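Working notes, structure below.
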Amino acid sequence: MSPRDPAEDDDVVGFAHVLDLDGHAHLEQIAVLPDRSRRGIGAVLLEEACRYAAEQGSAQVTLRTFRDVPWNAPFYARHGFEVLDPEPGWMQPLRDAEARIGLPQNGIRVAMVRQVD
């Protein structure tokens, strides 16, 4: 899903990447161009990702993010996501991948969930 900024002649300004992981809708990433940030595009992408997951039959959407970065966990919490604790076992490969690329060295990571049904 990629929103387009009508003021920019159909230029792609962001995207959301939703994965199906063992039957779980998982928001892998949302990205918005830095010069388009703070305009609500990320919120639109998030709502579209949740709508998409619901249309595919998912009851919830999960994600993993940094707990203390303002545009990470606090952003998602403002949009109905809650910290998922304990984390489900099916997320272990995600935690392992994050560890391999060094994400935990940059801050505490958390899993979050939002009901979409």
Side-chain angles (χ1 to χ4, degrees):
M1 292 165 265
S2 299
R4 296 183 182 274
D5 185 337
E8 296 299 322
D9 298 325
D10 291 333
D11 290 342
V12 174
V13 298
F15 69 90
H17 185 205
V18 179
L19 302 173
D20 179 333
L21 297 177
D22 292 329
H24 304 277
H26 184 79
L27 179 60
E28 178 63 21
Q29 184 175 7
I30 286 182
V32 176
L33 291 174
D35 65 343
R36 299 295 194 280
S37 65
R38 310 220 27 102
R39 297 183 187 184
I41 296 169
V44 170
L45 284 167
L46 182 57
E47 291 309 312
E48 286 298 308
C50 290
R51 182 191 57 74
Y52 171 80
E55 285 179 355
Q56 301 306 306
S58 295
Q60 60 187 20
V61 174
T62 60
L63 59 87
R64 292 188 50 77
T65 193
F66 288 105
R67 183 187 71 187
D68 300 316
V69 176
W71 56 89
N72 282 200
F75 167 80
Y76 293 113
R78 286 192 303 275
H79 293 276
F81 282 80
E82 298 177 348
V83 172
L84 186 56
D85 187 27
E87 294 183 21
W90 64 264
M91 280 192 176
Q92 187 61 49
L94 297 171
R95 291 189 295 273
D96 294 343
E98 290 174 358
R100 278 193 304 277
I101 63 173
L103 283 181
Q105 297 170 356
N106 296 308
I108 297 170
R109 303 282 293 168
V110 294
M112 300 184 82
V113 64
R114 174 176 152 181
Q115 302 305 312
V116 295
D117 59 345

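Both backbone and side-chain heavy atoms feed into the values below; hydrogens, waters and symmetry mates do not. Just so we're clear, the structure is a prediction, and the values are computed from it rather than from any experiment. Numbers for residues simply follow the sequence, beginning at 1.
Heavy-atom contacts from other residues, nucleotides or ligands closer than 6.0 Å to CZ of Arg38 number 12 or fewer. Enclosure of atom CG in Asp20 by more than 12 non-hydrogen atoms of other residues, nucleotides or ligands within 6.0 angstrom is indicated.
Taken to the nearest 0.5 Å, the NE2 atom of His17 stands 10.0 Å off from the NE2 atom of His26. Rounding to the nearest 0.5 Å places OG1 of Thr65 at 12.0 Å from CZ of Arg67.
Ile101 and Val69 fall within a single hydrophobic cluster, where Ile, Leu, Val, Met, Phe, Trp and Tyr are joined by side-chain heavy atoms under 4.5 Å apart, directly or via other members. Residues Leu21 and Met112 fall into different hydrophobic clusters, defined by Ile, Leu, Val, Met, Phe, Trp and Tyr side chains chained together at heavy-atom separations under 4.5 Å. In terms of hydrophobic clustering, with Ile, Leu, Val, Met, Phe, Trp and Tyr side chains grouped at heavy-atom distances under 4.5 Å, Phe66 and Ile30 are assigned to different clusters. With hydrophobic clusters built from ILVMFWY side chains whose heavy atoms lie under 4.5 angstrom apart, Leu103 does not share a cluster with Met91. There is no path of hydrophobic side-chain contacts, each under 4.5 Å, that joins Tyr76 to Leu94.
Residue pairs that meet the ring pair (Phe, Tyr, Trp, His ring centres under 6.0 Å) test with at least one member in residues 95-117, sequence neighbours left out, do not exist here. Judged as a ring pair (Phe, Tyr, Trp, His ring centres under 6.0 Å), not a single pair has a partner in residues 96-117 (not counting sequence neighbours). Residue pairs meeting the ring pair (Phe, Tyr, Trp, His ring centres under 6.0 Å) criterion with at least one member in residues 88-117, sequence neighbours excluded, are His24-Trp90. Identified under the ring pair (Phe, Tyr, Trp, His ring centres under 6.0 Å) test for residues 93-117, with sequence neighbours left out: none.
Summarising the geometry of Leu27 relative to Leu63, their closest heavy-atom pair is O-CB, 3.5 Å, with the distance given to 0.1 Å. Residue Ala25 comes nearest to Val18 through the heavy atom pair CB-CG1, 4.4 Å, listed as atom of the first residue, atom of the second, then distance. The heavy-atom pair separating Val116 from Cys50 by the smallest distance is CG1-CB, 3.7 Å.
The side chain to side chain donor-acceptor pair (under 3.5 Å) check on Asn106 picks up nothing, with sequence neighbours excluded. In this structure Asp96 satisfies the side chain to side chain contact (heavy atoms under 4.5 Å, CB included) test together with Gln92, Arg100, sequence neighbours excluded. Applying the ring-ring contact (aromatic ring centres under 6.0 Å, His included) test to Trp71 and every residue at least two apart in sequence or in another chain returns nothing. For Gln56, the side chain to side chain contact (heavy atoms under 4.5 Å, CB included) partners are Tyr52, not counting sequence neighbours. With sequence neighbours excluded, the residues forming a side chain to side chain contact (heavy atoms under 4.5 Å, CB included) with Ala31 are Phe15, Gln29, listed by chain and number. Every residue meeting the side chain to side chain donor-acceptor pair (under 3.5 Å) condition with Gln115, not counting sequence neighbours, appears here in chain and number order: Gln60. Listed by chain and residue number, Arg51 satisfy the side chain to side chain donor-acceptor pair (under 3.5 Å) test with Glu55 (two or more places apart in sequence, or in another chain).
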With a 3.5 Å cut-off and sequence neighbours excluded, list the donor-acceptor pairs that the side chains of residues 80-87 form with protein atoms.
{"residue": "Glu87", "atom": "OE1", "partner": "Arg64", "partner atom": "NH1", "Å": "2.6"}
{"residue": "Glu87", "atom": "OE1", "partner": "Arg95", "partner atom": "NH1", "Å": "2.7"}
{"residue": "Glu87", "atom": "OE2", "partner": "Arg64", "partner atom": "NH1", "Å": "2.9"}

